Amino acid sequence: MKKLKVFTNGLLKENPVLVLVLGTCPTLAMSVSVINAIAMGLAATAVLTCSNMVISLLRKIIPDTVRIPCYIVVIAGFVTLVQMLMEAYLPDLYEMLGVYLALIVVNCIILGRAEMFANKHNVGESALDGLGMGFGFTLALLAMAVIREVLGNASFAGMKIAFLENFKIPILTAPPGGFLVFGCLIALVTHITRGKAPLKKSFDCEGCPSASFCRKDPFCKTEETEAEA
Amino acid sequence: MKNDKLKSVIVLTVICLIVTALLAVTNGFTAPVIEEARQKKVEASLRAVLPAVNSIREISPLPEGTPSTVEVVYVINSENYAVVLSTTSAYSSGDMGITVGISKDHEIVGVKLTSYFESKDFGREEYPGNFIGLGADTIQGVDAFAGVTYSSKAFKAALADAFTAIELIEGGEAE
């Protein structure tokens, strides 16, 4: 049950894009078309799951002082691996994703999950977290892409929708439209999850959606631990 | 304290070595597939820049002083040229692959961007089309593509290199 929760958390309650607001750059850039969104989401999911597993496996070996460089090396390794495989066996998709595929290295969802989850949990849970967060990222991208492509370009996955041809809203395919859809989706998810915007006084652990497990971290400084210190 | 520092260095080094080894193995089996696909793309681009291709002769070796961006020069139908170029823009490190067809009158008859991933809009259809009918002296007059200025400059410089290579080849043949 707990393991299922680790997986489902990333889908909606702790969705990396719409709740944690991580990975905004690839989200806005790759949500213009449905195919791009799915490809980007799956590539990031593969990297996220594999890097989470490896980092979790090495968590007791990696010294705290060099953990970030080690995570970056592992993540960059997996991204390059995916890049090579895609260029060789899925060249059309590789061309479509362009520079954003390489930029998965600096996607803060991946480094964020390595730091927040994988280095504190076992391999199985880290893999589930990677899958959950990856699918959450893919779903968010897909939702945005469907809205932007259907309403902005009158097409779905490249197939034209004839009856919408005269009702296109071209701004949706441009960056301002991306921000608009992004904001609307964040509002919708906040409404569904009954999330509350953090009050100014709670811009610390209290206001963080990851507080539930992050506070168990001995390095996490809450008001209580600081008072104890 | 000293042991901790040493451990950090060793762990990071070992992780780097393992990742490098893994990438080397992957590169070992993906590189030939990528190269084969690239070759097919270049062949298709030759036909795109010069549609009526009856005979192809590769000029080898290229004359001394040929710009480094020029990879291969083909003589098509004994009179036209197709030049395969590979360059990088000053802005990015990604390769830009270009195939340009040049007529016997030294005018561009076709340009195809075979690889470029920095921008989706640049180089697909319209921008290379602006260079058709132009010669070595006139290509610099074409405006840069908005938002892709560095790559536009690299593109134009590569086309100028193609003309330089042809001049060197014809100079050598005349001698």
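Because the structure is predicted, anything quoted here is derived from the model rather than measured. In what follows, chains carry the letters A, B, and so on, assigned in the order in which the sequence lines appear, proteins first and then strands, with residues in each chain numbered from 1.
Contacts between A:L58 and chain B at a heavy-atom distance below 4.5 Å involve the side chain alone, from C-beta outward. Interface remark: A:F78 contributes no atoms to any contact with chain B (heavy atom separation under 4.5 Å). The contact between A:T65 and chain B is made entirely by side chain atoms (from C-beta outward), counting heavy-atom distances below 4.5 Å.
Defined by atom type and a distance below 3.5 Å, a donor-acceptor pair is missing between the side-chain atoms of A:S33 and A:E149. Side chain to side chain, A:T173 and A:R148 fail the donor-acceptor criterion of an N or O pair below 3.5 Å. A:N119 and A:Y71 share a donor-acceptor pair across their side chains, judged by distance under 3.5 Å alone.
Tested against A:D129, the residues A:T49, A:N52, A:N9 include a single side-chain hydrogen bond (donor to acceptor under 3.5 Å, both in side chains) partner, A:N52.
Between chain B and the options A:A102, A:C70, A:P69, A:A76, the largest number of non-hydrogen pairs under 4.5 Å is found for A:C70. For the options B:E36, B:K7, B:R38, B:E35, heavy-atom pairs under 4.5 Å to chain A are most numerous at B:K7. The candidate with the highest count of non-hydrogen atom pairs below 4.5 Å against chain A, out of B:T20, B:L23, B:V19, is B:L23.
Taking the side chain as every heavy atom from C-beta outward, A:T45 and A:F137 never approach each other to under 4.5 Å.
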